[in-house]
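Comments concern the structure below.
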Amino acid sequence: MDQKQMQKLLLMGPGGAGKTCMRSIIFDNYLPRDALRLGITISLDQSQVHILRNLFLNLWDCGGQHRYVSEYLSRQKEYIFRYVGVMLFVFDINSMSRDSYGASGVGSSSIGGGGEGGSATTDWKLPEMLNYFKEAMRYIRQYSPKAKVFVLLHKIDLIHRDMRQEIFEARKQEIMNCIDPEDGADIDFFGTSIWSDSLYLAYSSVVRSLVPHRDVLVETMRGIAVACDAVEVALYERSTFLCLTHVTRTAAKDAAAAPPFLQGNGELRTTEVSETVKHFKLSCMNNTTSLGGLSIATESFTAMLYPFTECTHVLVVSADPQVSVELHKLNVNAARRRFQQFLDSDEPTACAMREVL
């Protein structure tokens with residue numbers, strides 16, 4: 001058996017931020033409405049998540065109650081923050097904004113009521129949230145200096161749509177102001193909600209950060225795009241359907257003339273596919289079948305989702321509705337054989353990628 005690549009993923013944040021809920025949707029195949037029924041995390045919940053072929057996430061879901069946080073930042077700090085590959089720190093942006101803006105800054109969402117964000121009850125005040133993050137950053141840099149840090153401003157659907165970007169930027173700046181500028185140089189921020197594909201966008205970035213030499217995947221997908229004369233190609237992890245890489249060949253001058261499906265931000269569109277296909281996959285599982293692939297043909301585009309490696313699927317989108325899906329399959333199979341030959345080689349890059357893929 002190939003050696004397992006283990007990565008410690010630390011999930012932290014104040015109580016009520018929605019950490020366990022989002023984890024269950026991404027890694028445990030929960031639907032949002034079902035994840036809302038989950039209780040609070042007591043102390044520390046450790047679990048192992050298997051994605052790709054050899055990548056195992058040692059997921060530490062840290063309870064957000066004050067008494068547990070106090071332990072994490074004092075007696076347990078070395079135990080918690082050592083050997084971390086990725087830290088995800090989750091803020092409830094609705095609670096942060098309520099503290100700063102009052103009721104006028106918060107809009108009630110027509111789809112976000114109840115559970116994860118409807119009441120948004122938390123006993124954390126904004127200064128306490130910021131201090132928790134400040135201390136977590138101090139210890140993560142001390143004990144795991146190479147750890148990647150992602151900050152999720154969660155429950156953003158509960159902020160009035162017209163104010164979301166403004167409040168997101170304000171909260172981001174406030175968070176950055178509470179830490180040393182050198183510590184925050186490479187932090188990635190995302191606004192997320194369990195009711196949209198934004199969660200898949202954030203977690204796709206997390207998984208991408210753990211794949212070594214991802215530029216090789218990008219070039220492989222670009223080769224498929226050229227061979228298939230496709231406008232977009234994306235690679236998805238099989239179990240979570242998180243997007244590992246995405247390439248587009250639609251020139252800016254042609255964007256306005258592209259079919260509606262192919263207009264707008266390509267990376268955001270691939271995470272919409274993540275959410276849609278994940279739900280379709282769960283429907284297949286509920287009907288005791290499995291998802292091997294699918295194809296869609298309309299008057300304006302053709303899309304094919306097809307296995308690439310044993311742990312990934314590739315999405316090929318063509319703006320030519322007359323294109324042959326079978327021809328796409330031949331091109332993908334040829335690219336798959338070449339990629340497998342590369343992975344089986346003795347090149348240092350291939351050896352590093354093989355530890356995960």
Side-chain angles (χ1 to χ4, degrees), residues 7 9-52 55-65 86 88-94 109-122 150 152-158 190-207 210 236-244 270-291 305 311-313:
Q7 291 280 355
L9 193 157
L10 197 59
L11 187 55
M12 308 194 85
K19 302 182 294 296
T20 301
C21 193
M22 62 169 63
R23 181 199 80 181
S24 300
I25 291 171
I26 296 295
F27 296 121
D28 297 329
N29 292 327
Y30 276 68
L31 294 173
R33 64 175 182 270
D34 298 324
L36 293 178
R37 304 189 184 104
L38 295 170
I40 63 172
T41 299
I42 303 299
S43 186
L44 178 65
D45 182 13
Q46 298 185 44
S47 59
Q48 193 176 96
V49 176
H50 181 196
I51 59 176
L52 296 172
L55 180 58
F56 288 76
L57 300 181
N58 191 9
L59 180 57
W60 291 32
D61 186 354
C62 301
Q65 289 70 46
V86 176
L88 273 74
F89 200 97
V90 185
F91 288 92
D92 175 355
I93 193 173
N94 187 45
S109 169
S110 60
I111 57 176
E116 203 222 14
S119 57
T121 56
T122 179
F150 295 84
L152 275 52
L153 301 182
H154 197 46
K155 306 183 187 179
I156 200 165
D157 59 295
L158 297 178
F190 293 90
T192 57
S193 166
I194 64 169
W195 302 106
S196 74
D197 58 286
S198 59
L199 199 59
Y200 287 87
L201 179 63
Y203 274 83
S204 290
S205 295
V206 171
V207 173
L210 299 174
Y236 295 90
E237 198 276 327
R238 184 182 61 185
S239 61
T240 60
F241 265 91
L242 297 175
C243 183
L244 301 177
T270 58
T271 55
E272 291 175 358
V273 172
S274 291
E275 183 184 34
T276 302
V277 175
K278 180 75 172 289
H279 287 182
F280 180 65
K281 175 188 172 184
L282 295 179
S283 296
C284 291
M285 292 170 60
N286 290 336
N287 288 281
T288 64
T289 187
S290 59
L291 175 62
L305 186 71
C311 58
T312 61
H313 280 69

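Only heavy atoms go into these numbers, but all of them, side chains included; no hydrogens, no water, no symmetry mates. A quick note: this is a predicted structure, and the numbers were derived from the prediction, not measured.
Under the 3.5 Å distance criterion, the side-chain polar atoms of S198 are matched with a main-chain donor or acceptor of S193. Using a distance-only test at 3.5 Å, with no hydrogens or angles considered, no donor-acceptor pair links the side chain of E237 to the main chain of L242. Under a 3.5 Å cut-off, the side chain of S196 and the backbone N or O of T192 do not form any donor-acceptor pair.
When ring centroids are compared, F241 and Y200 stay outside the 6.0 Å threshold.
When all heavy atoms of S205 and F190 are compared, the pair lying nearest together is OG-CZ, 3.3 Å. Here the shortest heavy-atom pairing between H50 and S239 reads O-OG, 4.0 Å. Looking at every heavy atom in both residues, V90 comes nearest to A17 through O-CB, 3.5 Å.
Distance OG/S274 to CG/L201: 9.0 Å, rounded to 0.5 Å. Between the SG atom of C21 and the CG atom of D34 there is a distance of 10.0 Å, given to the nearest 0.5 Å. Rounding to the nearest 0.5 Å gives a distance of 13.0 Å between CG of L11 and CH2 of W60. One distance of note links CZ of F27 with OG of S47; it measures 9.0 Å at 0.5 Å rounding. Between atom CD1 of residue I194 and atom CG of residue D157 there is a gap of 7.5 Å, rounded to the nearest 0.5 Å. Between I26 atom CD1 and L199 atom CG the span is 4.0 Å, to the nearest 0.5 Å.
Put simply, the side chain of Y203 reaches to within 4.5 Å of the side chain of L152, judged on heavy atoms.
When the shell of 6.0 Å around OH of Y30 is examined, it contains 12 or fewer heavy atoms from other residues, nucleotides or ligands.
For the side chain to side chain contact (heavy atoms under 4.5 Å, CB included) criterion with L57, the lone passing option out of L9, V86, V206 is L9.
Salt-bridge annotation for K19 and D45: absent, with no side-chain N of the basic residue lying under 4.0 Å from a carboxylate O of the acidic one.
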